[in-house]
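Since the structure is predicted, the reported quantities are computational estimates derived from the model, not experimental observations. Just so we're on the same page: letters track the sequence lines, and every chain starts at 1.
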Amino acid sequence: MKRQAWFGLSIMALVVVLVFVLMPSPSQMTNGHLGLLMLALIVVAIMLGFPTAFTLMGMGVIFAWFAYYSRDPSLANRQTLDLMVQRTYAVMSNEVLISIPLFVFMGYLVERANLIEKLFKSLHLATARVPGSLAVATVITCAVFATATGIVGAVVTLMGLLALPAMLRAGYSTQLAAGAITAGGCLGILIPPSVLLIVYGATAGVSVVQLYAGAFFPGIMLAALYVGFIILAAKIRPSLAPPLSIADRYIDLPRFAQAVSATISHKVIPGLLGALRSRNSPELPRGDLLRHLGIALLPLLAAVLLMGLIHRGITAPEQVDATQGLVEMGSEAQGAGNEPGRELAAQGELAEPKDEGELKEPPADGELAEPPVEGKASQSPAAAAKADAPPAGEAPAGQPAAAAPAAAAENAAGVDGERRPAPTGYWIAVALLAAVLAAFYAVFTFTRLEIFKMLLASFFPLAMLILAVLGSIVFGLATPSEAAAMGSLGGLLLAAAYGRLKFPMVRESVFLTAKTSAMVCWLFVGSSIFSAAFALLGGQELINQWVLSLEMTPLQFMILSQIIIFLLGWPLEWTEIIVIFMPIFVPLLPHFGIDPLFFGLLVALNLQTAFLSPPVAMAAFYLKGVSPPHVTLNQIFGGMLPFMGIQVVALVLLYLFPAIGLWLPNVLYGR
Amino acid sequence: MQKLLLFVDKLSTWVGQAFAWLILLLTLQVSWEVFARYVLSDPHAWAFDAMVMLYGTVFMMAGAYTLAKNGHVRGDVLYGYFPVRVQAGLDLALYILFFIPGVVALVWAGYTYASESWAINEHSNITADGPPIYPFKTVIPVAGVFLLLQGGVEIVRCIQCLREGAWPSREADVEEVDVEKLKEMVHVRDEDIATLDAELGTRGAGGTPAGRP
């Protein structure tokens, strides 16, 4: 037998030995001890490899019967059956779990829309100047794609096919390449909308909405730490991640762009405007120029709209909610309506306005920039947007950089009736944004325009899908299940927009969704019967008493519980850890004054390691499955280690600064 | 015998796949409800009940299908490293010890539960005048029976495996991570990986791990 098998067997032996040592003699055994025995047995039984859902169910039924029998033998059968069916029915009608099939469905659809190739290519060109650019692009691609799909295996496999060869060819160290792919691929289970958080919410009775709001920034933080680590590593030891050669970074410019950069300016805005003015050369078709000017001005339009909306929000006589504007950020860049309801209804469309420009290159783009704005202005009650959108479109003709504050100022001047003045902070934000835009347009060359166009076709649709789904949940416009359904619809439209919406593809997604949902939800059925039996036997009380008798400080308890969860992550998968062990931890939290929401965030962050820790590190095996034979499993594991270290650092950071996770839920829900 | 096994496999798969389409219905129903509420200002009282029933039916009825495709999550620390006969022996023992009592109890309990619901003509009480709920409760015993049938097939498979020393084959089904399909999707061929491997090999031999070729 292999090393891994011995490792597993030794864990199993350890559990059995512990049981024998800790259990009192049979004469003194109470039902509570029986409960503990049951907990130990379940760990052993799960490790034997029988489908966990049925292990839990069978063991739950048997022990529940024992518990009832010890009270009243005549009623035992009846009560056991009642318990069982009620628990099952509770899972069937659990409104939190409804989101699971819907999010899973969305994930499969998005995965099959096949954006990842474009996404990686455009991100890798966009980050070409950053040290370790390929690895950085890998992490970002993984983060975006994994967040939208939530399927770790597929993301790691796809990146193993796309990014690993690219990195190895560029001379990256195998470890760094493997680590970036595996760690990045797992981000999807942390960054919402993730199924893990739904499962935790359903198990621990914590609002999924708050979990989503809370997990957003820790997820971004973890991704940022990965990127920071890669950049640092590439800076310190360039041999790990040599910079790309000029040839690898070369971007083919369209003909008109070549002509413009050669004759007028290599910067986009002056170049295009100059070309439009000269208008004599047959090399410079007007349609192309206008279309590209429209694309080039998109960031400006988005910024103006965003600031206009925020301004409207914060100066509105009846204070709505300053954050409203943020949700709309999602929708407005898509050119969707900016009413909450519209946003939802239109969320599905998000793919379309974007890639029209890319897929059918010709004329759509010129309209792309303008119409959404006007369409929006006319459908929205926002007079402000209407007032300042057209000037915004024209202003850059003169001086692009100054346009944003100018437009915003007009906005303020135009609509201020009984409105309150905007706080200084807002104007500082406007000035900052203007500065950023100025810097952006100052370096916006035709090469960058090409990259921007590629991002527009791959990165933005996904980011918008995620933000729209997440935004509508977090800002309370839709329940998680509604947002998930809209997300699935969005996934269908995304697939349609990329020409991948075919019957076999939908059929596969539907079947896979059924299997995955059945897997997770049957596990829930099993575990809820199991934990009912555990509570019936009084195992929970015994554990509570024992933990309380240890008189730990909250810090000690927190560290202990996280270490236990970390260790459980070695042999078990996250689903099992959450559905079996969270019901044991969560009742203990009030005693230590720990917020279950905060605990959930720590657990979600912690369980990232479950995917990377050997021997059950799924991510490593998926990567190994598609990597060239010269890449060994040990190299992959070695590459994952520093990233596991970063996960621990992130865990500590989140613990020391709970505001990273709790700030957003506190602000939004006034907890 | 083999015919019977495959027939039950097919039956579970067919039933599971047929009910899987409810997911598409669920997506459309919920999306429509959101649209109706925000845009048409015409929400439906039964929408929540419908959503719950669709979801519950999908996953319950897909249980046997998932079992037929070996899709229920297993603790994989040891299992994968065991010799095949040990795997089969363990599975057989645990099917009899855990699966059969659990699922039989589920079918039995579900049957009484559903029949009581039919007897009182139970309707959902989430909203006034809710839709009937007895068909939904009937899903429990029905899903349980399919699961039990499929479990029987799996038990026979274990015995066959114990005898022959190899797992009987299953019918292929769509996989979550289908490497071949993913390769096709991103246009990577096996030759590409082989070429890359050769490059890596020469580079390693040359002693310049980080050197450019």
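Between chain A and the residues Lys137(B), Arg74(B), Gln87(B), Lys181(B), the most heavy-atom pairs under 4.5 angstrom are made by Arg74(B). In terms of heavy-atom pairs under 4.5 angstrom with chain A, the leader among Thr195(B), Ile140(B), Val179(B), Asn70(B) is Ile140(B). In terms of heavy-atom pairs under 4.5 Å with chain A, the best-connected choice from Ser31(B), Ala62(B), Gly56(B), Gly144(B) is Ser31(B). Most heavy-atom pairs under 4.5 Å with chain B: of the set Lys515(A), Arg500(A), Glu576(A), this distinction falls to Lys515(A). Chosen from Ile151(A), Leu97(A), Ile62(A), the residue pairing most often with chain B at heavy-atom distances under 4.5 Å is Leu97(A). Contact count against chain B (heavy-atom pairs under 4.5 Å) is highest for Leu102(A) among Val156(A), Val61(A), Leu102(A). When Asn77(A), Leu512(A), Asn94(A) are compared by the number of non-hydrogen pairs under 4.5 Å with chain B, Leu512(A) comes out ahead. Note on Ala45(A), Gly160(A), Pro51(A): by heavy-atom pairs under 4.5 Å with chain B, the leading option is Pro51(A). Residue with the most contacts toward chain A among Val104(B), Thr13(B), Leu147(B), Asp49(B): Leu147(B) (heavy-atom pairs, distance under 4.5 Å). For the set Val631(A), Ile100(A), Val91(A), Leu523(A), the count of heavy-atom pairs under 4.5 angstrom toward chain B peaks at Val91(A).
For Val188(B), the part sitting under 4.5 Å from any heavy atom of chain A is the side chain, from C-beta outward, and nothing else. For Asp178(B), no part lies near chain A; criterion is any non-hydrogen pair under 4.5 Å. Only the side chain of Ile133(B) has a heavy atom closer than 4.5 Å to any heavy atom of chain A. Within the 4.5 angstrom heavy-atom criterion, only side-chain atoms of Arg78(A), from C-beta onward, approach chain B. With a threshold of 4.5 angstrom between heavy atoms, Leu54(B) does not approach chain A through any atom at all. In this structure, chain B has a heavy atom under 4.5 Å from the side chain of Phe105(A), while its backbone stays farther away. Contacts of Tyr55(B) with chain A are made by side-chain atoms alone, with heavy-atom separations under 4.5 Å and no backbone atom involved. Within the 4.5 angstrom heavy-atom criterion, no atom of Ile100(B) approaches chain A. Contacts of Trp21(B) with chain A are made by both backbone and side-chain atoms, with heavy-atom separations under 4.5 Å. When heavy atoms are compared at a cutoff of 4.5 Å, Thr88(A) approaches chain B solely by way of its side chain, counted from C-beta outward. With a threshold of 4.5 angstrom between heavy atoms, Thr516(A) approaches chain B through side-chain atoms but not through N, CA, C or O. Contact of Ile193(B) with chain A is made through backbone and side chain together, with heavy-atom distances under 4.5 Å. Looking at Leu492(A), the atoms closer than 4.5 Å to chain B (heavy atoms on both sides) all sit in the side chain, from C-beta outward. Contacts between Thr112(B) and chain A at a heavy-atom distance below 4.5 Å involve the side chain alone, from C-beta outward. For Leu22(B), no part lies under 4.5 angstrom from a heavy atom of chain A.
With values rounded to the nearest 0.5 angstrom, Trp574(A) atom CH2 is found 9.5 Å from Met618(A) atom CE. Within the model, atoms CG of Asp192(B) and CG of Leu161(A) stand 9.5 Å from one another, a figure rounded to the nearest 0.5 Å. To the nearest 0.5 Å, atom CG of residue Leu489(A) and atom CE of residue Met106(A) are 11.5 Å apart. The distance from atom OG of Ser12(B) to atom CE of Met61(B), rounded to the nearest 0.5 Å, is 9.5 Å. Rounding to the nearest 0.5 angstrom, the gap separating the CG atom in Asn114(A) from the CG atom in Leu182(B) is 9.5 Å.
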task = Before giving the answer on salt bridge (charged side-chain N to carboxylate O under 4.0 Å, His left out), spell out for Lys183(B) and Asp190(B) the whole-Å C-alpha distance, their side-chain angles and the decisive distance to 0.1 Å.
result = CA-CA 8 Å; Lys183(B) 275 182 188 162; Asp190(B) 290 332; 2.7 Å; yes
task = Begin from the C-alpha positions of Tyr111(B) and Trp108(B) and carry the test ring-ring contact (aromatic ring centres under 6.0 Å, His included) through to its verdict.
result = CA-CA 5 Å; Tyr111(B) 176 74; Trp108(B) 191 355; 9.8 Å; no
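Contact of the Phe54(A) side chain with the Phe99(B) side chain is registered, since non-hydrogen atoms from C-beta on lie closer than 4.5 Å. Inter-residue side-chain proximity for Val52(B) and Phe136(B) is flagged as met; some heavy-atom pair is nearer than 4.5 Å. Counting heavy atoms from C-beta on, the side chains of Phe59(B) and Val520(A) never come closer than 4.5 Å. Side-chain atoms of Glu154(B) and Tyr95(B), non-hydrogen and from C-beta on, do get closer than 4.5 Å to each other. Counting heavy atoms from C-beta outward, Met60(B) and Met92(A) have side chains that approach closer than 4.5 Å. Looking at heavy atoms from C-beta onward, Asp82(A) lies out of side-chain contact with Tyr113(B) at the 4.5 angstrom threshold.
Defined by atom type and a distance below 3.5 Å, a donor-acceptor pair is missing between the side-chain atoms of Thr149(A) and Glu111(A). No donor-acceptor contact under 3.5 angstrom links the side chains of Gln79(A) and Trp65(A), judged on distance only.
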